[in-house]
2 protein chains.
Amino acid sequence: MTDLRSQDSAATLSSTLVTRLRAAIMRGELVPGGKLVLDRIRASYGVSLSPLREALCRLESEGLVEIVDQRGYRVTPVSRANLAEVIRLRVELEGMAVREAIRHGDAAWEGRILATLHQLGRCKRGSRSLEEQEAWEIAHRAFHAELISACRMPLLMQFCETLHDQSDRYRRIFLKDHEPDRDVPAEHVAIAGAIIDRKAEEATRLLRDHVARTGRNIQAVLPAE
Amino acid sequence: MTDLRSQDSAATLSSTLVTRLRAAIMRGELVPGGKLVLDRIRASYGVSLSPLREALCRLESEGLVEIVDQRGYRVTPVSRANLAEVIRLRVELEGMAVREAIRHGDAAWEGRILATLHQLGRCKRGSRSLEEQEAWEIAHRAFHAELISACRMPLLMQFCETLHDQSDRYRRIFLKDHEPDRDVPAEHVAIAGAIIDRKAEEATRLLRDHVARTGRNIQAVLPAE
DNA sequence: TTTTATAAAATCATCGATTATATGTCTTGC
DNA sequence: GCAAGACATATAATCGATGATTTTATAAAA
């Protein structure tokens with residue numbers, strides 16, 4: 001499993017492209033605000049225009065790419081205001097989602113949370129190799145997704161996923177070589193613990209703080225406009 | 001102005017298609033859950049496959065169309081659970097948005113609210129002709145959009161627009177020939193009044209109730225699964 | 001009768017080429 | 001010297017056709 005989203009094996013060329021392009025954008029390889037010249041990407045990925053257009057269209061709906069009629073595509077620019085809104089919405093929506101999940105989740109769900117937490121613990125975030133970095137990103141994402149997976153609100157989960165993508169891009173680009181000033185693994189453990197103890201208020205608060213703290217750390221290093 | 005979304009005049013064929021297809025879906029002309037055979041639509045709208053695919057892709061990001069790899073497109077099905085979630089999210093998100101808008105909005109914003117409210121008042125909802133119906137829909141939509149336009153959170157506004165689209169589809173299909181059991185215009189006046197008086201709590205409550213009430217009315221006539 | 005295998009039809013995904021639009025450059029007139 | 005317009009180039013938008021996949025229909029076997 002290289003990507004949370006590519007569940008079905010029926011990998012159409014467009015879908016593969018979405019995954020590859022998203023990864024490139026998240027890594028900052030395709031720089032924020034940069035123009036996406038169709039012909040150039042087409043050449044470098046060895047595909048034709050049709051699947052490329054479709055892929056970019058899907059990335060637009062994830063907020064990673066912008067389309068302007070007759071003027072092509074570009075990577076969504078970054079800004080303090082945008083980051084602030086993304087974090088604010090994550091705080092509200094993931095808060096709502098985890099509250100609902102605690103209400104509806106069963107024992108199997110608790111088990112999956114512990115499983116993903118364990119997997120996350122096996123990954124070293126600060127490790128040098130890109131492969132291990134990527135493994136941590138995937139595990140981290142799986143953990144956060146699991147926390148709200150029992151909320152029974154598919155639309156809300158999709159909103160959360162979109163917002164998480166957007167905030168992850170900021171973190172990966174701007175916090176690339178910043179040592180974390182806090183014990184992130186401990187925060188994860190605390191959140192999981194509160195959820196499994198069914199302490200809805202505490203879990204929600206911890207998750208909201210967890211997200212907000214990341215937001216503040218990025219804002220601190222984000223260059224002025 | 002036939003559509004709130006087609007601000008820029010640079011109408012690419014895909015964009016035009018998005019508008020036309022969305023209208024058809026909202027009217028229930030393209031029935032929920034119905035398969036969208038590309039070749040058939042292509043023929044009836046007189047376009048080629050490329051812009052059609054792109055249009056459907058954009059409608060997918062609005063939640064009105066579903067895409068399954070290798071298996072084509074279909075109009076998003078309706079269900080009690082989906083409607084419940086849409087309404088729940090509208091209540092929460094529009095609530096948050098209007099609160100923020102009240103905090104940031106200025107006198108010009110108040111003016112625009114009164115203007116759209118006035119325009120809405122000139123439209124008869126129960127009128128027979130489809131043209132007048134459509135005029136009411138547009139005015140109603142413009143009014144609701146204005147209420148939150150000052151919130152300074154573009155992503156949130158986009159989420160609200162998407163959700164509003166989805167709930168409007170339910171209302172237009174299932175409440176087509178149901179006389180409203182309540183004084184909807186009065187509710188609009190009350191909401192606008194509370195906002196302009198800067199009564200944040202009251203305005204939020206009124207708006208939330210307004211949305212929730214519509215949701216309940218639709219649920220009441222929604223056929224069992 | 002039900003299930004499985006096969007063949008035919010329908011439909012989607014992709015491509016290469018064409019057309020339309022925008023952008024940058026170079027005149028031309030003031 | 002500068003602004004406005006015309007041309008050339010780059011790029012996006014669209015098309016028609018081809019290849020790949022899924023679905024439906026049909027027939028044989030359990």
Side-chain angles (χ1 to χ4, degrees), chain A residues 2-3 5-22 24-25 30-77, chain B residues 3 5-22 24-25 29-77:
Chain A
T2 63
D3 188 301
R5 276 150 291 239
S6 62
Q7 309 108 338
D8 37 15
S9 56
T12 174
L13 197 44
S14 309
S15 311
T16 315
L17 262 179
V18 170
T19 305
R20 296 215 286 161
L21 287 170
R22 179 169 41 221
I25 293 173
L30 293 171
V31 300
K35 185 158 170 46
L36 293 165
V37 181
L38 293 182
D39 225 41
R40 205 154 307 169
I41 307 180
R42 187 196 61 70
S44 68
Y45 283 82
V47 295
S48 187
L49 251 50
S50 321
L52 178 56
R53 277 179 148 279
E54 187 151 337
L56 290 171
C57 182
R58 292 200 211 169
L59 288 172
E60 188 208 17
S61 72
E62 297 180 19
L64 295 175
V65 162
E66 288 181 353
I67 308 187
V68 187
D69 273 0
Q70 313 280 20
R71 220 171 300 183
Y73 304 73
R74 67 170 182 170
V75 182
T76 303
Chain B
D3 189 301
R5 275 148 294 236
S6 62
Q7 307 106 340
D8 37 14
S9 55
T12 173
L13 197 43
S14 308
S15 313
T16 313
L17 263 178
V18 171
T19 306
R20 295 216 284 163
L21 286 170
R22 180 168 40 221
I25 293 173
E29 208 169 290
L30 294 171
V31 299
K35 185 158 170 45
L36 293 165
V37 181
L38 293 183
D39 223 42
R40 204 156 309 167
I41 307 180
R42 187 197 59 69
S44 70
Y45 284 82
V47 295
S48 185
L49 250 50
S50 320
L52 178 55
R53 282 179 145 279
E54 186 152 337
L56 290 171
C57 182
R58 292 201 211 168
L59 288 173
E60 188 207 20
S61 71
E62 296 180 20
L64 294 175
V65 162
E66 287 181 354
I67 308 186
V68 186
D69 273 2
Q70 312 279 24
R71 220 171 299 184
Y73 304 73
R74 66 171 181 169
V75 181
T76 304

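By convention in this document, chain letters (A, B, ...) are assigned in the order of the sequence lines, proteins followed by strands, and residues within each chain are numbered from 1.
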Nearest non-hydrogen partners of A/Val31 and A/Val75, listed with the distance: O-CB, 3.4 Å
Nearest-angstrom distance from the residue atom CG of B/Leu56 to C1' of C/dC12: 12 Å
Electrostatic pair A/Arg58:A/Glu62 at N-O distance under 4.0 angstrom: no
Within-4.5 Å side-chain heavy-atom neighbours: B/Leu21 and B/Leu52: yes
A/Lys35 vs D/dA10: side-chain N/O to OP1/OP2 distance below 4.0 Å: no
Criterion side chain to side chain contact (heavy atoms under 4.5 Å, CB included) on B/Leu59 and B/Tyr73, from CA distance to verdict: CA-CA 11 Å; B/Leu59 288 173; B/Tyr73 304 73; over 6 Å; no
pair B/Ile25-B/Arg22: side-chain heavy atoms closer than 4.5 Å: no
Separation of D/dC15 P from B/Leu17 CG (nearest whole Å): 9 Å
Residue among B/Leu30, B/Leu36, B/Leu17 satisfying side chain to side chain contact (heavy atoms under 4.5 Å, CB included) with B/Ile41: B/Leu36
Touch class at under 4.0 angstrom, heavy-atom based, for B/Leu36 against every strand present: sugar-phosphate
Annotated protein contacts, base or backbone, on nucleotides 13-19 of chain C with a non-hydrogen cut-off under 4.0 Å, one of B, S, - each: BBBB---
